[in-house]
Protein chains: 2
Amino acid sequence: MDKPATNIETIAKTCIAGRLRLINRVVSNIYDDALRPFGLKISQGNILIFTGKLGVASPVQICEHLQLDASTLSRNVELMRKNGWLEEVPTDDARSRPFRLTEAGKRLVESAIPAWEKAQAEAKELLGDDFVSLLNKAAKRASESNRA
Amino acid sequence: MDKPATNIETIAKTCIAGRLRLINRVVSNIYDDALRPFGLKISQGNILIFTGKLGVASPVQICEHLQLDASTLSRNVELMRKNGWLEEVPTDDARSRPFRLTEAGKRLVESAIPAWEKAQAEAKELLGDDFVSLLNKAAKRASESNRA
DNA sequence: CGCCTTTATTTGTATATACAACTAATAAAG
DNA sequence: CTTTATTAGTTGTATATACAAATAAAGGCG
């Protein structure tokens with residue numbers, strides 16, 4: 001046993017991506033279930049939240065913060081624009097297409113907060129406090145990683 | 001300040017789902033990059049790994065282990081079957097459609113192990129040892145959660 | 001000013017994901 | 001043994017995601 005050969009068993013038991021993806025599915029489903037009455041999914045919710053925080057957001061800003069591919073965001077924003085939750089903001093740089101929450105978008109976010117709280121509590125209960133505590137640091141590192 | 005009103009700032013800073021999704025994107029990209037030379041994505045890789053572990057796997061088994069929707073798995077298995085990595089196994093219960101790795105599937109998994117190891121090391125480095133240590137427990141809980 | 005590079009976004013294409021509805025087959029009830 | 005309920009998968013539809021390529025507008029340089 002000089003070299004501990006990595007085998008299928010080992011990967012099945014230790015793969016970080018596999019575990020993360022599994023947890024991500026379960027947790028995203030918790031939030032999606034809670035937000036369904038509002039016609040909102042957590043994927044879009046997080047974009048709305050960050051947009052609200054920024055006031056006026058450019059796609060490139062959101063993509064950096066959330067580590068989203070630009071093409072992914074583009075389509076997601078388009079859907080939320082059609083839903084009346086986001087609106088474009090005029091700008092001098094014609095390459096950029098910044099946007100902000102509409103009034104309807106703000107009302108949506110406000111009204112969904114109790115559902116978010118419920119999902120958040122359920123997720124915390126499921127994953128355990130210690131894990132959740134470490135999420136912040138890990139997410140910060142991931143958010144700042146520059147692998148492009 | 002009787003009731004600490006949850007506001008947009010709070011959600012932006014604390015949403016478990018948002019953080020998990022972000023980490024999941026970054027980490028999945030690490031593995032997908034590493035596995036790209038093999039025409040394999042980590043989403044499929046994990047299904048192959050679990051199939052290999054089980055020997056013969058039924059869709060419902062994989063879905064339970066990985067907390068995947070049956071329709072998701074169905075399409076994913078179909079792709080890997082077309083790629084020659086999975087093959088159907090005859091069964092007496094005509095409702096079930098179990099499958100196993102083909103020889104090519106086994107070879108693929110074996111050949112991709114060094115790339116997986118590289119990605120695994122990179123992910124560990126990025127997320128931190130303490131976080132990775134807690135992943136096991138959290139994933140186990142998520143895997144056993146029964147929210148259907 | 002005109003060319004070249006960089007930056008910001010969109011479009012084409014493919015996989016991942018889930019929900020709802022459907023099909024088919026076994027199991028359970030009577 | 002027939003009817004009903006349960007179980008296993010697939011298909012329709014919609015969003016999420018990323019990569020590659022295309023578009024378009026600034027910015028920099030000679």
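So you know, we letter chains A, B, ... as the sequences are listed, proteins then strands, and number each from 1. These figures come from a predicted structure and were not determined experimentally.
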Roughly how many Å is it from CD in B:Q67 to P in C:dA18, rounded to a whole number? 9 Å

To the nearest Å, give me how far apart CG (A:L73) and P (C:dT9) are. 9 Å

What is the distance, rounded to the nearest whole Å, between atom CD of A:E78 and atom C1' of D:dT17? 17 Å

Spacing between B:L35 atom CG and D:dA18 atom P, to the nearest angstrom: 16 Å

Salt bridge check: are A:D69 and B:R25 linked by an N-O gap of less than 4.0 Å? no

If we count only N and O atoms by modelled type, under 3.5 Å, do the side chains of A:Y31 and A:E122 hold a donor and an acceptor together? no

Closest-nucleotide 5' rank along DNA chain C - winner of A:S71 and A:D93: A:D93

At under 4.0 Å between heavy atoms, what does B:A94 touch on the DNA or RNA strands: base, sugar-phosphate, or nothing? sugar-phosphate

Does C:dG30 pair with anything, Watson-Crick or G-U wobble, both distances under 3.5 Å, and if so, with which nucleotide? D:dC1

Decide, yes or no, whether a salt bridge links B:R100 with B:E87 under the criterion of side-chain N to carboxylate O below 4.0 Å. yes

Expressed as a whole number of angstroms, how long is the span from B:D69:CG to C:dA20:P? 10 Å

Within residues 95-110 of chain A, the residues having a heavy atom closer than 4.0 Å to DNA chain C are A:R95, A:S96, A:R97

According to a strict under-4.0 Å criterion, is A:S74 in side-chain N/O contact with OP1 or OP2 of C:dT10? yes

Charged N to carboxylate O below 4.0 Å: is that the case for A:E103 and A:K106? yes

Got a salt bridge between B:E78 and B:R75, using NZ or NE/NH1/NH2 to carboxylate O under 4.0 Å? no

Go nucleotide by nucleotide along DNA chain C from the 5' end; which of B:D92 and B:I47 gets its closest nucleotide reached first? B:I47

List, with names and distances, any nitrogen or oxygen atoms from the protein found under 3.5 Å away from nitrogen or oxygen atoms belonging to nucleotides 13-16 of chain C.
unit_1, atom_1, unit_2, atom_2, d
C:dT13, O4, A:R75, NH1, 3.4
C:dT13, O4, A:R75, NH2, 3.3
C:dA16, OP1, B:S43, OG, 2.5
C:dA16, OP2, B:Q44, NE2, 3.3
C:dA16, OP2, B:N76, OD1, 2.8
C:dA16, OP2, B:N76, ND2, 3.3
C:dA16, O3', A:R21, NH2, 3.0

Any luck finding a side-chain donor-acceptor pair between B:R19 and A:N136 under 3.5 Å? yes

Tell me yes or no: between the side chains of A:D93 and A:S96, is some donor less than 3.5 Å from an acceptor? no

Side-chain donor-acceptor pair present, B:S28, A:R21, cut-off under 3.5 Å: yes

Is B:N76 reaching over with its side chain to a backbone N or O of B:T72, donor-acceptor style, under 3.5 angstrom? no

Need to verify one output field. Residue with the more 5' nearest nucleotide on DNA chain D, B:V60 or B:D32? B:V60

